[in-house]
2 protein chains.
Amino acid sequence: MVTLAEVARHAGVSASTVSYVLSGKRPISDPTRRRVRASIDQLGYQPHAGARALASSRSRIIALMVPLRTDMYVPVMLEIAVAVATTARTHGYDVLLLTGEEGPSALRRVTGSGLAEAVILMDVQLDDGRLPLLRGAAPPAVLVGLPADPAGLNCVDLDFAAAGALCVDHLAGLGHREIAVVGGSPGVYARHTGFAERTLGGLRERAGRRGVGLLHRPCDGSHDAVAGVLARILDERPAVSAFVVQNETAVEPLLALLRRTGRAVPEDVSVVAVCPEAVAERASVPLTSVAIPAQELGRRAVERLFARLTGADGPDAAGVELLAPVLTVRASSGPPQGRALTG
Amino acid sequence: MVTLAEVARHAGVSASTVSYVLSGKRPISDPTRRRVRASIDQLGYQPHAGARALASSRSRIIALMVPLRTDMYVPVMLEIAVAVATTARTHGYDVLLLTGEEGPSALRRVTGSGLAEAVILMDVQLDDGRLPLLRGAAPPAVLVGLPADPAGLNCVDLDFAAAGALCVDHLAGLGHREIAVVGGSPGVYARHTGFAERTLGGLRERAGRRGVGLLHRPCDGSHDAVAGVLARILDERPAVSAFVVQNETAVEPLLALLRRTGRAVPEDVSVVAVCPEAVAERASVPLTSVAIPAQELGRRAVERLFARLTGADGPDAAGVELLAPVLTVRASSGPPQGRALTG
DNA sequence: GCACGTCGTCGAAGCGCTTCGATTTCCTGT
DNA sequence: ACAGGAAATCGAAGCGCTTCGACGACGTGC
């Protein structure tokens with residue numbers, strides 16, 4: 001292994017000079033810098049990460065905690081993770097992958113040992129067990145998701161409440177009066193996952209305001225579960241003319257079942273989804289949908305972290321950033337049967 | 001921050017004694033050990049990762065390189081990654097997340113700087129650009145996947161060739177004489193992704209041996225793409241009575257299309273998939289399938305890495321480990337129309 | 001032509017840990 | 001009762017890097 005000292009000897013300068021060339025923290029004359037750079041290249045020098053972390057007490061690593069459960073939005077999770085890693089690299093940082101398994105103690109471990117300088121948490125519950133560790137100053141953190149009480153926390157998420165409202169607005173605008181919501185799996189609600197409840201809140205609020213009927217049913221992604229839920233919905237509210245789906249695995253089963261029971265989309269029923277663009281575009285009927293901007297979420301989370309890490313710890317060190325939802329109209333939504341679009 | 005020295009002072013011993021208590025590399029008397037342990041707990045001591053890595057030249061970190069593309073088996077990728085992280089933790093290691101974006105140089109970086117002791121690579125291409133860096137001794141690595149020439153490399157993967165053969169055996173055993181293969185997206189083949197080509201090889205070899213007709217078509221996962229591919233297959237080979245699908249996103253579209261065109265599964269056509277169990281179980285018709293054992297792959301990869309890392313670098317330091325495929329019969333396969341099961 | 005500030009570089013002191021003798025203590029065998 | 005060992009602990013020397021104060025060699029202002 002090549003060390004700084006060897007580079008220094010090779011370039012005929014002191015070790016500290018090489019260090020300053022690398023860090024740019026003190027001015028170095030042009031000829032010297034050139035010489036050092038050449039030696040570095042020639043010897044293939046790579047600074048030792050541990051030594052660097054020890055001396056500078058900065059590891060240049062951030063930890064990313066992903067949920068271990070795989071019952072929800074898996075592709076979204078991976079996309080966020082990849083975006084986090086990519087964005088971190090542009091700042092010269094690497095990403096340590098933590099699973100939820102170890103629980104809150106994992107945070108203490110990587111943070112207390114100086115392994116990671118900061119943390120990004122995904123899949124935050126409304127009342128997450130990891131939150132107490134994060135309030136206040138101790139370790140810099142950004143949550144992807146929104147807990148019940150975000151005071152003193154740094155959060156980024158899609159504005160799911162607004163997303164829900166947007167769906168209702170779109171459908172009500174088309175003339176629908178009865179909407180059914182096919183939600184995430186029951187476990188998602190049992191865990192009080194923020195995004196699910198917030199979407200529901202937004203849907204309800206806006207439906208109430210516009211005088212539209214709303215029926216919500218959690219739903220597993222399996223074909224059978226969707227069939228059961230659909231049957232019950234149509235039984236309870238025969239007047240339902242539109243569905244909002246917030247469960248990507250339920251999308252195709254739902255469309256298939258509607259087709260099979262002779263309901264054309266969008267002529268007989270409209271379907272609006274909250275899901276990644278890729279899912280909406282490739283569905284058997286291209287879906288009118290509110291996109292889940294996975295990449296953007298990952299990127300924003302990292303940017304906020306670095307703002308906090310490098311910035312002057314300004315007044316906006318903490319705070320919530322909700323991305324505005326965007327609804328894209330595709331083929332799956334239209335005015336309800338027998339009615340013209342009323343505008 | 002609490003240091004080793006403070007713990008030592010608090011316990012009334014020398015720093016080295018504390019270190020030996022922690023590492024167990026030298027015998028420490030029971031009373032002393034107890035005292036040290038108590039001090040550690042009381043002070044909330046956590047060893048500094050960088051210092052430890054510097055002094056011992058072991059970072060206790062392995063790097064995991066995941067593909068950045070999201071066109072293939074995304075949930076499988078995440079599941080492998082999580083299994084890798086979890087298994088690594090049981091050995092006291094953490095996992096650094098690398099994306100394919102940086103390319104081979106990322107390997108050099110994390111490895112050359114001592115950041116990671118070893119590497120696990122996912123989504124290996126038949127002729128992967130990262131392979132040259134890995135041949136021979138330099139840095140310990142395990143591939144999840146199988147390149148064209150695995151000489152000198154350490155690989156773990158499902159035996160996709162055997163999986164293909166197994167599918168043919170199952171269908172031929174039921175009496176099918178014409179099989180169509182709905183493959184991964186064209187990009188997968190263009191990139192010469194190992195598993196896709198190996199499955200195809202296994203399918204072809206066994207089909208040839210058993211005198212069964214085989215037609216292969218790459219296929220995107222979108223509904224329209226599946227529709228196109230299906231139409232062409234039925235056009236070219238009207239006698240096709242069974243499908244093998246190796247593309248989880250194509251599964252539901254295919255089933256929906258078969259239904260829509262009045263072909264019952266499994267009465268009129270059989271469908272066998274190579275996909276994760278979860279997908280097979282939850283499909284609109286539960287699928288006879290060869291499982292992709294994501295967790296197992298992740299776990300085995302890590303175990304092999306540690307065998308190599310800690311082991312005596314025995315003769316089997318390198319080598320290929322192919323997991324035997326398991327075919328589970330579910331509802332989607334049966335004898336072809338108008339024929340009894342011949343055994 | 002002399003005090004003074006700059007610029008570029010060097011030396012040395014750590015950062016917190018591991019590890020390798022060396023040292024002390026206490027047992028064992030005879 | 002005494003040499004010889006084993007067992008338990010200590011001290012010190014790094015691991016490779018960053019960083020701070022210091023220092024020589026300049027140019028500048030009067």
(message) Quick check on D:dT18: is either OP1 or OP2 less than 4.0 Å from any side-chain nitrogen or oxygen of A:Lys25?
(response) no
(request) Starting from P on C:dC17, measure out to CD on B:Gln46 and report it in whole angstrom. (result) 11 Å
(message) On DNA chain D, compare the nucleotides closest to B:Pro31 and A:Ala51; which residue's is nearer the 5' end?
(response) B:Pro31
(message) So for B:Ser14 and D:dG11, does any side-chain atom that can act as donor or acceptor lie under 3.5 Å from a complementary atom in the base?
(response) no
(message) Is B:Ser16 close enough to D:dT9 that one of its side-chain N or O atoms is under 4.0 Å from OP1 or OP2 there?
(response) no
(request) Figure out the CG/P separation between A:Leu43 and D:dG16, and round it to whole Å. (result) 15 Å
(message) So, under a plain 3.5 Å distance rule, would you say the side chain of A:Tyr20 forms a donor-acceptor pair with the base of D:dC20?
(response) yes
(message) Determine whether a donor-acceptor pair (N or O, by modelled atom type, separation under 3.5 Å) exists between the side chain of A:His91 and the backbone of A:Tyr93.
(response) no
(request) Can you tell me the distance, in whole Å, between the CG atom of A:Leu4 and the P atom of D:dC17? (result) 4 Å
(request) Using a cut-off of strictly less than 4.0 Å, decide whether B:Ser19 has a side-chain nitrogen or oxygen near OP1 or OP2 of C:dT18. (result) yes
(request) Let me know the distance between CZ of A:Arg58 and C1' of D:dC17, rounded to the nearest Å. (result) 14 Å
(message) Rounded to whole Å, how long is the line connecting atom CZ of A:Arg9 with atom C1' of C:dG11?
(response) 16 Å
(message) If I take atom CZ in residue A:Arg34 and atom P in nucleotide C:dG8, what distance separates them, rounded to the nearest angstrom?
(response) 14 Å
(request) Pick base, sugar-phosphate or nothing for A:Leu54, based on heavy-atom distances below 4.0 Å to the nucleic acid. (result) base
(request) Select one nucleotide: of D:dC17, C:dG8, C:dC17, the one nearest the side-chain heavy atoms of B:Pro47. (result) C:dC17
(request) Kindly say whether B:Val13 contributes a backbone atom to a donor-acceptor pair with the side chain of B:Thr17 at under 3.5 angstrom? (result) no
(message) Of the listed nucleotides (D:dG16, C:dT9, D:dC10), which one gets closest to any side-chain atom of A:Thr17?
(response) C:dT9
(message) I'd like to know if B:Arg26 reaches the base of C:dT19 with its side chain, counting only an N/O donor and acceptor under 3.5 Å.
(response) no
(request) Mind calculating the distance between CZ (A:Arg52) and P (C:dG16) to the nearest angstrom? (result) 18 Å
(request) Mind calculating the distance between CG (A:Leu22) and P (D:dG16) to the nearest angstrom? (result) 16 Å
(request) Please tell me which of B:Ala55 and B:Gly12 maps to the more 5' nucleotide of DNA chain D, matching each residue to the nucleotide holding its nearest heavy atom. (result) B:Gly12
(request) Keeping the roles fixed (side chain from B:Arg33, backbone from B:Ile28), state whether a donor-acceptor pair exists under 3.5 Å. (result) yes
(request) Please check if any side-chain donor atom of A:Thr32 sits under 3.5 Å from a side-chain acceptor atom of A:Ser29, or the reverse. (result) yes
(message) Whether the side chain of A:Ser29 and the base of C:dG8 hold a donor-acceptor pair under 3.5 Å is what I'd like checked.
(response) no
(message) Using modelled atom types and a 3.5 Å cut-off, is there a donor and acceptor pairing between side-chain atoms of A:Ser59 and backbone atoms of A:Leu115?
(response) yes
